[in-house]
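Below you'll find the structure, written out as structure tokens, and then a few comments.
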Amino acid sequence: QVQLVESGGGLVQAGGSLRLSCAASGRTFSSYAMGWFRQAPGKDREFVASISSSGGNRNYADSVKGRFTISRDNAKNTVYLQMNSLKPEDTAVYYCAQRSRMVVSTNEGEYDYWGQGTQVTVSS
């Protein structure tokens, strides 16, 4: 079965950087789009970024544009989220997710598999 395992979360000061990784297994990674979502305490889960199966198309939430970069290495079955200029409002549990299609999506209902999440805490 498909497994997604996130890593790289932690505590960082405002203005700092973190890189999240998500290792996938269970089916052909290069055939499917991937996404990152996050959920802050007391809030609904929200879209952060998505990347197509080839990596040629990416999209971002307005709140992270210019600060976060999603990328993937299909040879390593891994998707990344580079987070720069972090703000306290970026504090959340970050989840990676996999679609069963090649194209990007901002809709969490269109993702079929989810990781367990990794905590990111940004102190002011």
Side-chain angles (χ1 to χ4, degrees):
Q1 71 277 19
V2 174
Q3 287 193 317
L4 303 174
V5 180
E6 301 99 335
S7 60
L11 173 63
V12 64
Q13 288 189 331
S17 298
L18 281 175
R19 187 176 83 153
L20 305 183
S21 300
C22 173
S25 62
R27 61 178 184 174
T28 307
F29 179 74
S30 59
S31 295
Y32 305 107
M34 300 293 295
W36 286 97
F37 292 77
R38 67 186 181 186
Q39 187 167 22
K43 296 188 176 181
D44 292 336
R45 189 158 56 186
E46 65 176 4
F47 169 77
V48 175
S50 180
I51 188 167
S52 62
S53 59
S54 67
N57 192 17
R58 313 174 193 200
N59 61 357
Y60 298 91
D62 288 344
S63 59
V64 307
K65 275 180 185 175
R67 300 188 298 122
F68 291 10
T69 302
I70 189 171
S71 62
R72 66 190 294 158
D73 185 336
N74 285 344
K76 295 183 178 179
N77 292 348
T78 301
V79 63
Y80 305 97
L81 185 68
Q82 177 67 44
M83 306 186 294
N84 297 330
S85 302
L86 282 160
K87 305 175 181 180
E89 52 263 44
D90 294 318
T91 294
V93 177
Y94 283 71
Y95 299 90
C96 76
Q98 187 179 73
R99 296 194 72 195
S100 292
R101 297 189 64 183
M102 296 186 293
V103 297
V104 298
S105 173
T106 64
N107 184 347
E108 67 173 283
E110 294 182 352
Y111 288 80
D112 302 294
Y113 299 97
W114 293 81
Q116 81 288 351
T118 186
Q119 176 70 48
V120 171
T121 303
V122 184
S123 63
S124 57

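Just the heavy atoms: all of them, side chains too, but no hydrogens, waters or symmetry mates, feed the values below.
For the pair C22 and L4, the tightest heavy-atom approach, listed with the atom from each and the gap, is SG-CB, 3.9 Å. Between Q98 and F29 the shortest heavy-atom distance is NE2-CD1, 3.9 Å. In plain terms, the two heavy atoms of M34 and R72 that are nearest each other are CG-NH1, 3.7 Å. Between L18 and L86 the shortest heavy-atom distance is N-CD1, 3.9 Å. Across all non-hydrogen atoms, the minimal contact from N74 to S54 is ND2-CA, 4.5 Å. Contact detail for A23 and T78: the closest heavy-atom pair is CA-OG1, 4.1 Å.
With hydrogens and angles ignored, the 3.5 Å screen pairs no side-chain donor or acceptor of E46 with any backbone N or O of R38. In this structure, T121 contributes its side chain and T91 its backbone to no donor-acceptor pair below 3.5 Å. No donor-acceptor pair under 3.5 Å is formed between the side chain of S50 and the backbone N or O of V104. Proximity of a side-chain donor or acceptor of E6 to a complementary backbone N or O of L20 within less than 3.5 Å is not detected.
How far CD of E108 is from CZ of R99: 13.0 Å, rounded to the nearest 0.5 Å. In this structure, SG in C96 is found 9.0 Å from CD1 in I70, a value given to the nearest 0.5 Å. Between S30 atom OG and M102 atom CE the span is 10.5 Å, to the nearest 0.5 Å. The CG atom of D112 lies 11.0 Å from the CZ atom of R101; values are rounded to the nearest 0.5 Å.
Annotation: cation-pi geometry not satisfied between R27 and Y113 (NZ/CZ under 6.0 angstrom from ring centroid, within 45° of ring axis).
N107 CG: more than 12 foreign heavy atoms inside a 6.0 Å radius.
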#### Entry: side chain to side chain contact (heavy atoms under 4.5 Å, CB included) between N57 and V103, intermediate numbers included
CA-CA 8 Å; N57 192 17; V103 297; over 6 Å; no
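Linking ILVMFWY residues whenever their side-chain heavy atoms come closer than 4.5 Å, directly or via other members, leaves V48 and Y111 in distinct clusters. Residues W114 and Y32 fall into different hydrophobic clusters, defined by Ile, Leu, Val, Met, Phe, Trp and Tyr side chains chained together at heavy-atom separations under 4.5 Å. In the hydrophobic clustering of this structure, W36 groups with V2; members are Ile, Leu, Val, Met, Phe, Trp, Tyr whose side-chain heavy atoms approach within less than 4.5 Å, directly or through other members.
No side-chain heavy atom of D90 sits under 4.5 Å from any side-chain heavy atom of V120.
For the residue pair E110 / S105, a side-chain donor-acceptor distance below 3.5 Å is found, with atom types taken as modelled.
Residue pairs meeting the ring-ring contact (aromatic ring centres under 6.0 Å, His included) criterion with at least one member in residues 56-100: none, sequence neighbours excluded. Screening residues 55-64 for salt bridge (charged side-chain N to carboxylate O under 4.0 Å, His left out), with sequence neighbours left out, gives D62-K65.
Checking each of M83, R67, Q82 against S17 for a side-chain contact (heavy atoms from CB on, under 4.5 Å) leaves exactly one that passes, namely Q82.
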